[in-house]
Amino acid sequence: MLTHYEGFAMTEMMGKPDNPPRANGSLCFSSEWERTAFGMALALAKQGYFEWDDFRDELIAEIKTWEDTHPVDRSSWNYYDRWLAALEKAAIKTGILDADEINAAFAT
């Protein structure tokens, strides 16, 4: 069950280019990391680390960048890869993490 804030966030994304994948009305996650990244973005926005609309703007920009660099072959598309990239940028912009911390986490 979604909290009021999660419901707001999902409603804000409905029908927009950054709309999360759904099946039978429920969010779809292929892997646990996707669910975790989704939850982290919601939690950080809810706790005031960044505005939800700012995160959405990052996500829309990430999706556009991917589409621009993959105009023909879209076989590598993963919505949550773009979500994670947007979350990383939002975390860096707001000072929650810096790029070195993110790079170090992926290096291990």
Side-chain angles (χ1 to χ4, degrees):
M1 175 180 238
L2 296 177
T3 67
H4 177 69
Y5 186 82
E6 291 162 337
F8 160 76
M10 291 302 91
T11 301
E12 286 292 303
M13 297 174 79
M14 294 297 287
K16 306 237 169 82
D18 56 338
N19 190 17
R22 293 177 175 267
N24 297 323
S26 296
L27 294 172
C28 296
F29 302 99
S30 298
S31 302
E32 189 59 33
W33 74 264
E34 295 173 348
R35 182 182 307 276
T36 300
F38 182 85
M40 286 178 64
L42 284 175
L44 290 170
K46 184 177 180 180
Q47 293 174 14
Y49 287 96
F50 50 74
E51 293 295 323
W52 183 252
D53 285 345
D54 294 337
F55 172 75
R56 281 190 59 239
D57 290 345
E58 289 291 343
L59 179 55
I60 290 168
E62 279 298 321
I63 291 170
K64 180 173 180 358
T65 298
W66 188 91
E67 289 175 339
D68 290 348
T69 58
H70 296 81
V72 177
D73 178 22
R74 303 204 180 234
S75 62
S76 64
W77 169 253
N78 180 304
Y79 175 83
Y80 290 106
D81 284 341
R82 306 293 38 95
W83 182 281
L84 183 59
L87 179 57
E88 289 171 1
K89 285 185 177 179
I92 290 168
K93 278 186 177 180
T94 58
I96 298 168
L97 295 170
D98 64 38
D100 292 337
E101 289 174 311
I102 291 172
N103 292 333
F106 285 109
T108 57

On a heavy-atom basis, which atom in Leu97 and which in Ile102 lie closest, and how many Å separate them?
CD1-CG1, 3.9 Å

In terms of heavy-atom contacts, Trp52 and Ala45 come closest through CE3-CB, 3.7 Å

Looking at Trp66 versus Tyr79, is the centre-to-centre ring distance below 6.0 Å?
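When the ring centroids of Trp66 and Tyr79 are compared, they turn out to be at least 6.0 Å apart.
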
As an exercise, state the distance from [atom1] of [X] to [atom2] of [Y], rounded to the nearest 0.5 Å.
{"X": "Asp98", "Y": "Asp100", "atom1": "CG", "atom2": "CG", "answer": "5.0 Å"}
{"X": "Glu101", "Y": "Glu88", "atom1": "CD", "atom2": "CD", "answer": "12.0 Å"}
{"X": "Glu51", "Y": "Asp57", "atom1": "CD", "atom2": "CG", "answer": "11.0 Å"}
{"X": "Leu59", "Y": "Asp54", "atom1": "CG", "atom2": "CG", "answer": "12.5 Å"}

For Asp68, check salt bridge (Lys or Arg N to Asp or Glu O under 4.0 Å) against everything at least two apart and list the hits.
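Result, salt bridge (Lys or Arg N to Asp or Glu O under 4.0 Å) vs Asp68: Lys64.
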
Please name all residues satisfying salt bridge (Lys or Arg N to Asp or Glu O under 4.0 Å) with Glu62, sequence neighbours left out, ordered by chain then number.
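Per chain and number, Glu62 pairs via salt bridge (Lys or Arg N to Asp or Glu O under 4.0 Å) with Arg82, Lys89.
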
So do Leu87 and Leu44 actually touch side chain to side chain, heavy atoms under 4.5 Å?
yes

Close side-chain approach of Ser30 and Tyr80, heavy atoms under 4.5 Å
no

So, using side chain to side chain donor-acceptor pair (under 3.5 Å) as the criterion, who are the partners of Asn78 when residues are at least two apart?
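Checked Asn78 against side chain to side chain donor-acceptor pair (under 3.5 Å); matches are Glu34.
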
Could you tell me how the ring of Phe55 sits relative to the ring of Phe50: parallel (under 30°), tilted (30 to 60°) or perpendicular (over 60°)?
parallel

